[in-house]
Asks: 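Have a look at the structure that comes next, please.
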Amino acid sequence: MTEQTSFGTARGLLSAHGADLLRGDDGAVITSVETYALAVPLKRPIADSTAAMAHWTVPVVEIRTADGRVGTGISGVHCAPELLSDVILSYYADALLDTSSEDILGTWKRLYWLPTHWIGRAGVVHMALAMVDIALWDLAAQRAGMPLWRLLGGTQESVEAYNTDGGWLNLTDSELVRDLTSLVDHGWSRVKIKVGRSDWREDARRVRAVRRALGDDVTLMCDANQRWDLSTANQIMPVLEEAAMDWVEEPFHADDLQAHARLQSSTRLDVAAGESIYSYHQFASFMAADAIRVVQADVTRVGGVTEFLQIAAHAAARGLRFAPHAGDMMQVHQHLVGTVLSEVPPLVEFIPWTQEAFVERSVVREGLMERPHGPGASTAIDPAARMRWQLPGVGSAKTL
């Protein structure tokens with residue numbers, strides 16, 4: 001069912017060869033594809049219920065066009081950035097070179113239906129597609145001379161943000177309270193606490209301590225990172241309801257739609273998920289089953305801006321809350337939130353780990369995110385950051 005010219009250029013019947021496509025504007029033709037990765041150190045070690053980290057890895061793809069522009073796509077991972085790089089260089093690059101960077105949807109479809117579709121409709125292959133798609137949207141906004149949010153029809157109004165960088169599971173109870181109190185003192189009115197310890201009673205104790213310290217005016221969310229079963233969730237839910245938790249995030253394994261649906265039907269709190277959901281189709285299934293009421297699509301996990309917008313529109317049509325998970329540390333999401341018509345106010349997650357890696361940094365004041373002003377998607381990497389943090393042996397380049 002496939003045409004095979006070489007191992008690196010295999011293509012499916014649904015994925016046209018670049019030579020068969022209209023090039024359009026000669027200046028927009030893709031002339032090179034380069035990948036690399038940065039390991040950005042964290043200010044302190046952190047842990048949730050599934051991972052412990054001392055740095056955050058930012059895989060990067062730079063797509064150059066004949067007119068000299070560079071579109072930058074990014075992701076965010078705990079490990080193995082070389083896998084995303086390998087997908088892009090070994091399978092996507094040949095399908096990109098000498099084609100138009102302006103054909104964003106057409107390119108998305110061509111890459112999606114390469115033979116890699118059969119081994120990667122989620123995870124590494126799909127995340128690599130997201131990086132390419134983000135780079136193409138970055139180029140489109142640059143060519144239009146405007147920030148991506150404006151190209152997508154968004155408004156300049158500030159967007160409310162919540163802070164995830166203070167409620168880590170490796171903190172002692174006193175450190176946890178001190179951390180979250182410090183965030184509130186610095187103007188944050190929405191903060192998140194990690195849960196998912198082996199004994200749910202420890203989580204309950206920590207949640208109660210935080211709520212007592214912060215008072216009733218601060219919005220508090222919790223994130224179990226998939227570590228509960230239904231029995232554990234049912235045991236701790238009265239405590240979370242008592243603490244007026246805004247949402248309960250990733251309570252179960254990300255593929256367990258039925259457990260999410262059963263919990264959502266039994267609690268007045270909103271169930272949130274999306275960090276580990278990789279496609280429009282899977283999100284649509286969760287929404288149709290009323291399994292989640294906070295949709296947390298991540299532009300770096302789904303197929304980039306193109307698929308993200310589809311999910312956001314679907315959530316808006318169902319009247320659901322939409323609050324992206326920020327594997328990109330908000331760099332792209334600051335453009336995307338609030339660009340789809342919805343009755344629900346937009347909300348964005350802020351995690352400040354990788355700010356120094358980018359030329360254009362995010363601006364948040366008193367818990368409100370300000371829209372970026374530069375043309376593009378705010379993804380361009382600071383050359384000094386690349387010199388400091390680039391991982392050796394990861395990435396390469398292909399050119400015409």
Side-chain angles (χ1 to χ4, degrees), residues 47-51 160-169 171 176 180 183 188-212 214 216 218-277 282-283 285-298 301 315 318-327 344-345 347-349 351:
D48 57 30
S49 62
T50 60
E160 190 164 9
Y162 72 96
N163 196 309
T164 299
D165 194 30
W168 299 103
L169 213 58
L171 301 177
L176 174 68
L180 294 177
L183 290 180
W188 291 95
S189 61
R190 293 176 176 267
V191 294
K192 188 190 291 183
I193 177 176
K194 293 290 186 177
V195 292
R197 291 200 167 190
S198 56
D199 186 343
W200 66 269
R201 296 171 187 83
E202 295 183 24
D203 287 331
R205 184 188 69 243
R206 289 160 66 87
V207 165
R208 286 177 172 137
V210 167
R211 178 51 81 193
R212 282 195 303 269
L214 299 185
D216 297 332
V218 174
T219 300
L220 186 62
M221 305 92 152
C222 70
D223 184 357
N225 291 105
Q226 308 183 54
R227 298 312 299 165
W228 291 339
D229 54 27
L230 197 54
S231 174
T232 302
N234 286 333
Q235 287 175 298
I236 195 173
M237 201 56 58
V239 177
L240 303 182
E241 292 175 346
E242 170 195 321
M245 202 64 63
D246 190 40
W247 70 56
V248 182
E249 184 173 336
E250 283 204 312
F252 312 115
H253 190 286
D255 295 328
D256 194 344
L257 185 153
Q258 290 302 319
H260 285 82
R262 290 177 66 182
L263 181 64
Q264 185 64 90
S265 69
S266 67
T267 179
R268 66 177 183 267
L269 301 182
D270 286 343
V271 175
E275 172 181 353
S276 303
I277 300 177
Q282 192 177 7
F283 271 107
S285 296
F286 270 73
M287 289 186 242
D290 194 21
I292 53 174
R293 293 184 185 163
V294 181
V295 178
Q296 296 180 302
D298 185 327
R301 307 293 174 87
R318 300 183 69 92
L320 298 175
R321 300 165 69 188
F322 194 79
H325 172 265
V344 183
L347 183 65
V348 65
E349 180 177 28
I351 313 175

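Note: hydrogens, waters and symmetry copies are ignored here, and every other heavy atom, side chains too, is used.
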Asks: Are any side-chain N or O atoms of S49 and backbone N or O atoms of A224, one a donor and one an acceptor, separated by less than 3.5 Å?
Replies: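 Yes, because the side chain of S49 sits within donor-acceptor range (under 3.5 Å) of the backbone of A224.
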Asks: Could you tell me whether the side chain of M237 reaches within less than 4.5 Å of the side chain of L240, counting heavy atoms only?
Replies: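 A side-chain contact exists here, since the closest heavy-atom pair is under 4.5 Å.
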Asks: Measure the NZ-CG distance between K194 and N225 for me, rounded to the nearest 0.5 Å.
Replies: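 K194 atom NZ to N225 atom CG measures 4.0 Å (nearest 0.5 Å).
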Asks: Test side chain to side chain contact (heavy atoms under 4.5 Å, CB included) on W228 and L263 and set out the steps.
Replies: CA-CA 11 Å; W228 291 339; L263 181 64; 5.8 Å; no
Asks: Run the salt-bridge test on E242 and R211 with the 4.0 Å N-O cut-off and return the result as yes or no.
Replies: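 The answer is no: the pair does not qualify as a salt bridge.
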Asks: Grab the two heavy atoms, one from I351 and one from A326, that are nearest each other, plus how far apart they are.
Replies: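 In this case the closest contact between I351 and A326 is CD1-O, 4.2 Å.
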Asks: For the backbone of G196 and the side chain of D203, can you confirm whether one donor and one acceptor N or O come within less than 3.5 Å of each other?
Replies: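 Yes, because the side chain of D203 sits within donor-acceptor range (under 3.5 Å) of the backbone of G196.
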Asks: Do H253 and D229 come within less than 4.5 Å of each other through their side chains, counting heavy atoms only?
Replies: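 The answer is no; the side chains never approach within 4.5 Å.
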Asks: For W188 and V191, work out which heavy atoms get closest and say how close.
Replies: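 The pair with the smallest heavy-atom distance is CB-CG1, 4.2 Å.
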Asks: Please check if the side chain of E249 supplies one atom and the backbone of A272 the other of a donor-acceptor pair under 3.5 Å.
Replies: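 No: the side chain of E249 does not pair with the backbone of A272.
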Asks: Could you go through the side chain to side chain contact (heavy atoms under 4.5 Å, CB included) check for I277 and F286 one step at a time?
Replies: CA-CA 10 Å; I277 300 177; F286 270 73; 4.2 Å; yes
Asks: Between V294 and M221, is the side chain to side chain contact (heavy atoms under 4.5 Å, CB included) condition met? List the steps.
Replies: CA-CA 11 Å; V294 181; M221 305 92 152; over 6 Å; no
Asks: Would you say E202 has more than 12 foreign heavy atoms packed within less than 6.0 Å of its CD?
Replies: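 Buried by this count: over 12 neighbours within 6.0 Å.
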Asks: Closer than 3.5 angstrom, by distance alone: can the side chain of E275 be matched with the main-chain N or O of H325 as a donor-acceptor pair?
Replies: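 No; zero donor-acceptor contacts below 3.5 Å.
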Asks: Can you check whether Q282 reaches D255 side chain to side chain, under 4.5 Å on heavy atoms?
Replies: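 Heavy-atom side-chain distance check passes, below 4.5 Å.
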Asks: Taking atom CD of E349 and atom CG of N163, what is their separation to the nearest 0.5 Å?
Replies: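 Taking CD in E349 and CG in N163, the distance rounds to 8.5 Å.
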Asks: Please check if the number of heavy atoms outside D216 that lie under 6.0 Å from its CG is greater than 12.
Replies: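 No - once you tally the heavy atoms of other residues, nucleotides and ligands closer than 6.0 Å, there are 12 at most.
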Asks: Determine whether a donor-acceptor pair (N or O, by modelled atom type, separation under 3.5 Å) exists between the side chain of R262 and the backbone of L230.
Replies: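 A pair under 3.5 Å: no.
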Asks: Any donor and acceptor pair, going by atom type alone, linking the side chain of D298 with main-chain N or O of G327 inside 3.5 Å?
Replies: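 Looks like yes, one N/O pair under 3.5 Å.
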Asks: Tell me, with the steps shown, if D246 and R321 meet salt bridge (charged side-chain N to carboxylate O under 4.0 Å, His left out).
Replies: CA-CA 11 Å; D246 190 40; R321 300 165 69 188; 2.6 Å; yes
Asks: If every non-hydrogen atom of L180 is compared with every non-hydrogen atom of I193, which pair is closest and at what distance?
Replies: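 Scanning both residues, the minimum pair turns out to be CD1-CB, 4.5 Å.
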Asks: May I ask you to decide if Q264's main-chain N or O and T267's side chain share a donor-acceptor pair within less than 3.5 Å?
Replies: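 Pair absent, no side-chain N/O of T267 close to backbone of Q264.
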Asks: Can you find a pair of side-chain heavy atoms, one from R318 and one from V295, that are under 4.5 Å apart?
Replies: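 Not in contact.
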Asks: Look up atom CD in Q296 and atom CZ in F322, then write down how far apart they are to the nearest 0.5 Å.
Replies: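 Result: 9.5 Å between the selected atoms.
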Asks: Can you confirm whether V195 sits close enough to R206 that some side-chain heavy atom of one is under 4.5 Å from a side-chain heavy atom of the other?
Replies: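 V195 does not reach R206 side chain to side chain.
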Asks: With distance as the sole criterion, is a donor-acceptor pair present between the side chains of S276 and E250 under 3.5 Å?
Replies: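 There is such a pair (donor and acceptor under 3.5 Å, judged by atom type) between the side chains of S276 and E250.
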Asks: Please tell me if the side chains of P251 and V271 come closer than 4.5 Å, counting only heavy atoms from C-beta onward.
Replies: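 Yes; the side chains approach each other to less than 4.5 Å.
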Asks: List the residues meeting side chain to side chain contact (heavy atoms under 4.5 Å, CB included) with S189, not counting sequence neighbours, and say none if there are none.
Replies: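 Partners of S189 under the side chain to side chain contact (heavy atoms under 4.5 Å, CB included) test: E160.
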Asks: Are F252 and Q226 side-chain neighbours, meaning at least one heavy-atom pair lies under 4.5 Å?
Replies: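 No, their side chains stay 4.5 Å or more apart.
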Asks: Tell me, with the steps shown, if D223 and D48 meet side chain to side chain contact (heavy atoms under 4.5 Å, CB included).
Replies: CA-CA 9 Å; D223 184 357; D48 57 30; over 6 Å; no
Asks: What pair of heavy atoms forms the shortest contact from A297 to F283, and how long is it?
Replies: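 Nearest pair, atom of A297 first, then F283: CA-CZ, 3.5 Å.
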Asks: Report, as yes or no, whether the 6.0 Å neighbourhood of atom CZ on R197 holds more than 12 heavy atoms from other residues, nucleotides or ligands.
Replies: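 For R197, atom CZ is crowded (more than 12 foreign heavy atoms under 6.0 Å).
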